[in-house]
Peer 1: 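Mind looking over this structure? Questions follow.
Heavy atoms only: backbone and side chains are in, while hydrogens, waters and symmetry mates are out. Letters go in sequence order (proteins before strands), and every chain restarts at 1.
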Amino acid sequence: MTDIRIDIREKVFPAVGQAAAHAAIQDFHLTLHSGEFVCLVGPSGCGKTTLLNIVAGLDRDYRGEIRIGRQQALPKIGYIFQNPRLLPWRTVRQNIELVLQESSAGNTVDFLLEAMRLTRFQHVYPERLSLGMSRRVAIIRAFAIDPELLLMDEPFVSLDPPTARQVRELLLDLWRKRPHTVLFVTHDLREAIALADRLIFLSPSPMSVIGDIRVPIERHLRQDENEIEAFRRRLLDGAPHIKQLL
Amino acid sequence: MTDIRIDIREKVFPAVGQAAAHAAIQDFHLTLHSGEFVCLVGPSGCGKTTLLNIVAGLDRDYRGEIRIGRQQALPKIGYIFQNPRLLPWRTVRQNIELVLQESSAGNTVDFLLEAMRLTRFQHVYPERLSLGMSRRVAIIRAFAIDPELLLMDEPFVSLDPPTARQVRELLLDLWRKRPHTVLFVTHDLREAIALADRLIFLSPSPMSVIGDIRVPIERHLRQDENEIEAFRRRLLDGAPHIKQLL
Amino acid sequence: GDQVPIRIGVQVAGTSGWELSALEHDPQKAVRSFTVAAQPLANAEAGKIALQSGAVDMIVSDWIWVSRMRASGADLTFYPYSTTSGALTVPGDSPIKSIADLKGKRLGIAGGELDKNWLLLKALAKKEGVDLEASVEKVFGAPPLIDQQLKLGRIDAALNYWHFAARLEARGYRQIIDGKGILQGLGITEPVANIGYVFKQGWANAHKQAVNDFLHAVENAKKQLCSEDQTWRNVIPMLKANDHATQDKLRQRYCSGIVQAGGKAGQQAAERIYRLLRELSGNRLTGEAAALQPGTFWTLD
Amino acid sequence: MNRLQKFFPVLSLAAFFAIWQGLAFSLNSTLLPSPLMVLGVFWLELISGQLTYHLGATLVRLIVSFTIAMLLGSAIGLALGRLKKLDAFFDNWLVIFLNIPALVTIILCYVWFGLNEASAILAVVINKLPNVVVTVREGARALDQDLLDMARCYRMSRLNTLQHVIWPQLHPFLMSATRSGLALIWKIILIVELLGRNNGVGFQLHLYFQLFDVASILAYSIAFVIVIQGIEYTILKPLDKKSQRWRR
Amino acid sequence: MNRLQKFFPVLSLAAFFAIWQGLAFSLNSTLLPSPLMVLGVFWLELISGQLTYHLGATLVRLIVSFTIAMLLGSAIGLALGRLKKLDAFFDNWLVIFLNIPALVTIILCYVWFGLNEASAILAVVINKLPNVVVTVREGARALDQDLLDMARCYRMSRLNTLQHVIWPQLHPFLMSATRSGLALIWKIILIVELLGRNNGVGFQLHLYFQLFDVASILAYSIAFVIVIQGIEYTILKPLDKKSQRWRR
Ligand SMILES: Nc1ncnc2c1ncn2[C@@H]1O[C@H](COP(=O)(O)OP(=O)(O)OP(=O)(O)O)[C@@H](O)[C@H]1O
Ligand SMILES: Nc1ncnc2c1ncn2[C@@H]1O[C@H](COP(=O)(O)OP(=O)(O)OP(=O)(O)O)[C@@H](O)[C@H]1O
Ligand SMILES: O=C([O-])O
Ligand SMILES: [Mg+2]
Ligand SMILES: [Mg+2]
């Protein structure tokens with residue numbers, strides 16, 4: 001896959017009834033390089049989910065353009081939505097297998113279920129899961145299709161720290177083995193620093209890029225909490241327009 | 001309000017179809033003192049939501065007892081569910097006002113909307129909100145009824161740090177002004193330390209109490225990140241059965 | 001003295017309305033022992049419901065049904081009204097000239113499988129060596145639909161109620177045989193009323209004078225309709241027929257159906273018809289009762 | 001594009017009549033009178049007062065029986081959908097009443113309770129009620145438990161819960177019960193009028209059927225369709241719109 | 001308690017017949033024959049082969065027309081529910097077809113296409129179709145956009161989306177269309193048979209209606225109810241159960 005170039009001049013939700021029109025995104029320009037891990041950080045309601053929906057091709061009602069290299073076909077996209085969006089009438093396993101093109105992926109599914117500690121629950125319907133468990137199923141679903149572009153909208157909330165750590169490592173493992181572009185939304189700056197190549201800081205809506213910062217910590221050093229904490233402090237003491245977001 | 005005594009000998013979700021029976025809670029005993037702020041910390045899927053549902057009286061299918069002092073009537077309960085549970089066909093304001101007994105609470109609602117930065121969106125239907133915004137509405141709804149018992153199931157996820165900070169302060173303000181008992185579920189240890197009188201650590205399901213630790217930091221010192229960080233480190237270096245949760 | 005009100009269920013398309021109209025215009029109206037209130041009804045079944053539920057005192061129906069109802073305990077009785085009954089009709093240029101010619105043709109039958117005319121026609125055909133059941137393509141349907149199908153040429157012949165037949169006749173269609181003819185063919189030559197007034201016997205006994213006066217008056221009205229043109233002209237709007245040919249044909253067929261009530265011979269003929277129909281329908285039309293129920297016919301005295 | 005869409009209802013009606021006119025023209029038979037001919041009959045019946053009289057009679061029956069059937073049916077359907085035991089018991093009855101032929105209930109009502117307006121309406125209600133129950137019961141079974149729990153936890157009154165939590169979820173089911181219900185009642189009422197009333201559209205339709213007067217039959221049908229269209233545009237569509245306005 | 005609940009269907013049937021028997025006994029009229037009498041008639045008709053013959057004829061019509069109406073109606077309803085423009089255009093037609101009296105469509109079908117089986121089935125389908133469309137359309141309007149987006153994003157095939165995302169959401173609507181649909185078709189089929197067929201339950205009912213033989217009318221009605229109960233217990237209830245098993 002080649003680079004993804006996002007140019008959104010304007011995304012406006014039209015007025016309906018009493019609700020006024022709402023300009024969610026304005027003059028938003030961003031290039032994701034192939035295989036890059038990019039974290040989006042911005043205030044609640046600024047337009048992050050809106051952006052992911054546009055990139056995923058679910059929302060075509062905007063002025064602007066998403067260009068994906070010279071490639072004709074859209075890349076294979078794994079999208080971890082902000083809510084799990086499981087089909088309640090299909091079991092955990094059935095939910096995952098439904099989106100797989102080939103049935104040969106059984107191995108990976110088994111592996112992912114085990115890694116997420118859900119093997120015991122694979123034949124259970126989603127209503128019998130806790131929210132954190134449902135979110136893990138949604139994560140498996142996105143990983144299982146072996147995506148070229150991975151969109152993640154706060155994927156690790158509702159996970160306890162050990163589980164979250166494990167899932168983060170799993171994500172990085174998969175990403176290293178077969179690099180795919182990742183667009184990752186989080187409110188947790190420590191998590192963003194631990195994962196990302198680049199941090200994109202976003203303004204309140206109408207959303208635009210107000211900071212584009214490369215994380216300078218080498219990957220093998222990121223296990224160290226202190227390294228991450230240090231960079232975080234630096235950011236907090238940095239530019240005031242970014243600081244106010246943190 | 002007087003103390004709340006929770007004694008759950010067993011909560012089992014019965015087997016249905018292929019899914020086996022699941023023992024969610026076993027021998028769980030906990031006393032919440034009047035006006036106490038208690039945080040629950042435990043792995044995803046351990047039974048926290050199940051517990052809150054039982055305390056709220058929504059789930060009566062368990063062996064055990066919830067005793068609320070000598071008081072006959074159930075206390076007024078504000079419950080921030082893990083998902084917002086707004087009525088999509090009512091605007092933000094209508095959602096809040098629906099649960100208010102008297103219509104005189106308009107002032108508080110205005111105040112809370114302003115504090116959550118949602119005044120501009122008060123006449124908007126929930127489908128036009130971001131998830132973080134919906135969660136804030138759910139928080140307002142719980143605060144607005146002036147509850148005697150406040151149940152909060154990971155209320156501040158999906159909020160950006162400045163907003164989360166602000167809401168935390170608001171919560172503490174309200175709590176100090178009119179002390180009510182709070183049962184607060186979170187995966188964020190820093191958040192738990194910053195807020196709680198007591199931390200309750202929970203085992204994986206079947207859930208029981210494996211740690212009941214008073215937070216020794218005085219409230220006026222909790223603004224200081226370093227104090228909190230220090231206590232957190234102490235916990236991380238503490239008992240191994242608790243450490244594995246963190 | 002007081003006039004007894006008689007509520008009569010009148011089918012909008014039926015002939016009893018004509019007579020009631022004649023009664024209405026009768027100058028003697030004020031001095032009679034009864035008054036008439038006509039209750040419009042959409043069809044025959046509505047009449048049966050109306051009578052049973054007590055909404056009307058009298059309807060026009062047939063005596064086989066009355067006998068059947070008496071057998072099951074109902075207190076109904078019948079007074080003859082007309083011998084006019086359905087007819088087998090074909091287009092004017094049809095090759096069908098007799099019952100035997102029906103073989104291999106499409107025959108439309110109104111009134112269903114247990115239609116009296118159909119049962120009797122089959123019996124007559126059998127007598128002539130034709131098995132209609134096997135050799136005719138039957139098309140059952142509601143009377144107006146059967147009529148329409150014949151006009152459209154989708155069926156070759158129609159066994160339908162008399163006024164459909166009369167209207168067709170006026171338009172050049174041919175009658176092969178009518179109900180009376182079928183009975184004659186089967187050896188029953190006495191005129192037997194096909195339809196008549198049906199009412200509850202208990203009610204009639206309680207108002208005997210008025211009921212009998214009414215039945216007399218109706219008979220007179222009928223005669224007037226056939227003999228006095230002025231009286232007839234009054235009912236012409238009710239015919240829903242604009243051309244004289246149809247009007248005249250309707251009057252002709254109507255008047256030829258007038259019966260004199262009672263008579264031992266008539267009763268005996270009715271008994272024979274009853275037994276015949278019972279056999280032909282395998283009890284289904286008549287019910288289990290082996291013979292015509294006593295009291296089925298109301299007698300004027 | 002949006003502009004054009006505004007005229008869709010008019011266009012579709014025009015298309016309907018154009019097709020009809022075309023067919024009538026090419027068939028050239030009394031069995032399919034042209035729209036214009038039907039309009040002529042319609043007009044004559046209208047100025048003679050016949051149409052208004054019979055249509056009025058039918059509409060009164062329709063409104064009364066529809067209201068009773070919807071209110072009662074919704075209540076029963078909601079109860080059966082939520083209370084498993086009640087449903088287990090009455091489910092059989094429902095199937096029986098759903099499938100007793102209209103003819104049977106109509107005859108029995110008339111014969112037992114007399115040939116009067118009340119029996120007619122009762123007969124219609126008995127025929128329509130089970131359909132409403134079945135539809136609303138499906139809706140009640142599909143209610144969102146999370147929202148009901150929320151209402152319970154926040155101690156919303158029964159009335160508030162019904163009005164603001166349950167009703168909006170039942171709305172699509174109620175709309176379908178309403179639309180197909182008007183149509184069903186209309187079919188039933190025609191039989192009811194045929195068998196025991198001396199006015200109403202059903203009575204007239206049968207009369208014209210005897211005379212095979214297709215133009216008059218169509219004129220009366222159109223009159224009814226116009227009334228229902230009126231209800232659609234003044235009541236149902238606005239309700240639809242109101243209930244949909246929260247959707248993105 | 002759960003034990004007892006198992007017997008509810010039997011108990012409720014027993015209660016139904018007990019009430020009926022009680023009424024029949026106290027009224028003592030031919031207009032309400034007792035269940036035993038009806039059973040006697042039922043038995044006679046059964047061994048004479050009449051019942052099976054006519055019920056069979058009606059059921060064939062029912063199955064054919066039901067299948068056509070449900071398949072076609074679901075497809076159209078789904079399309080109208082999802083495509084606003086299509087709906088804007090055809091909404092008027094739907095209201096028209098929904099409210100053309102059964103009598104009219106039946107007569108016209110018979111007159112135009114002859115008194116044959118195909119016309120009969122066509123007439124039933126035309127009467128039932130709009131009801132299915134209206135019900136499924138409501139369901140299609142209420143589909144969860146989040147799940148549809150998920151399916152689209154993960155490039156699920158059209159078939160998979162229909163089967164696994166859309167169908168389960170339409171299920172309650174389809175069940176209500178099925179249950180009230182069987183009942184509606186039954187009502188229509190009776191008129192269809194009455195007006196232009198020479199077999200079927202409707203034909204028989206009309207016959208016995210002419211004779212005012214309530215016991216036979218009830219016997220045939222019961223035969224039909226038994227068939228529908230059979231369908232309930234062998235097809236619809238298991239479907240219900242299967243579709244509900246994911247609920248907490
Ligand atoms: N369907 C919609 N119609 C109208 N406005 C909308 C719609 N969806 C989102 N918005 C508005 O657009 C803005 C951005 O919403 P979005 O969901 O993208 O926020 P977000 O950055 O994902 O926030 P959060 O972190 O809380 O999830 C919000 O102000 C919201 O009110
Ligand atoms: N309705 C149900 N039926 C069967 N099992 C259930 C049901 N609800 C929850 N469970 C099971 O009970 C356990 C506890 O669930 P609960 O939702 O209380 O977890 P939790 O602690 O809130 O987790 P999380 O942090 O992920 O929200 C889980 O293993 C879940 O699978
Ligand atoms: O059941 C009917 O006679 O329509
Ligand atoms: Mg979002
Ligand atoms: Mg939970």
Peer 1: More than 12 heavy atoms of other residues, nucleotides or ligands under 6.0 Å from NZ of C:K240: yes or no?
Peer 2: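 It does not: C:K240 NZ has 12 such atoms or fewer within range.
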
Peer 1: Given the options C:P144, C:A46, C:A142, which has more heavy-atom pairs under 4.5 Å with chain D than any of the others?
Peer 2: C:P144

Peer 1: Which heavy atom of C:L51 sits nearest to which heavy atom of C:D57, and what is that distance?
Peer 2: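 What the structure gives for the nearest pair is CD1-O, 3.5 Å.
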
Peer 1: Give a yes or no on whether the backbone of C:Y81 and the side-chain of C:K222 come within a donor-acceptor separation of less than 3.5 Å.
Peer 2: yes

Peer 1: Measuring heavy-atom distances to chain D, does C:P40 have an atom under 4.5 Å in its side chain, in its backbone, in both, or in neither?
Peer 2: both

Peer 1: D:Y110 versus chain C, heavy atoms under 4.5 Å apart: side chain, backbone, both or neither?
Peer 2: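 Both parts, backbone and side chain.
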
Peer 1: Tell me whether D:R137 is salt-bridged to D:D91, with the criterion being a basic N under 4.0 Å from an acidic carboxylate O.
Peer 2: yes

Peer 1: With no hydrogens and no angle check, do the side chains of D:N199 and D:R61 hold a donor and an acceptor under 3.5 Å apart?
Peer 2: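 A donor-acceptor contact under 3.5 Å links the two side chains.
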
Peer 1: Looking at D:F113, D:W112, D:F209, which has the largest count of heavy-atom pairs under 4.5 Å with chain C?
Peer 2: D:F209

Peer 1: What part of C:L145 gets closer than 4.5 Å to chain D, counting heavy atoms only: side chain, backbone, both or neither?
Peer 2: both

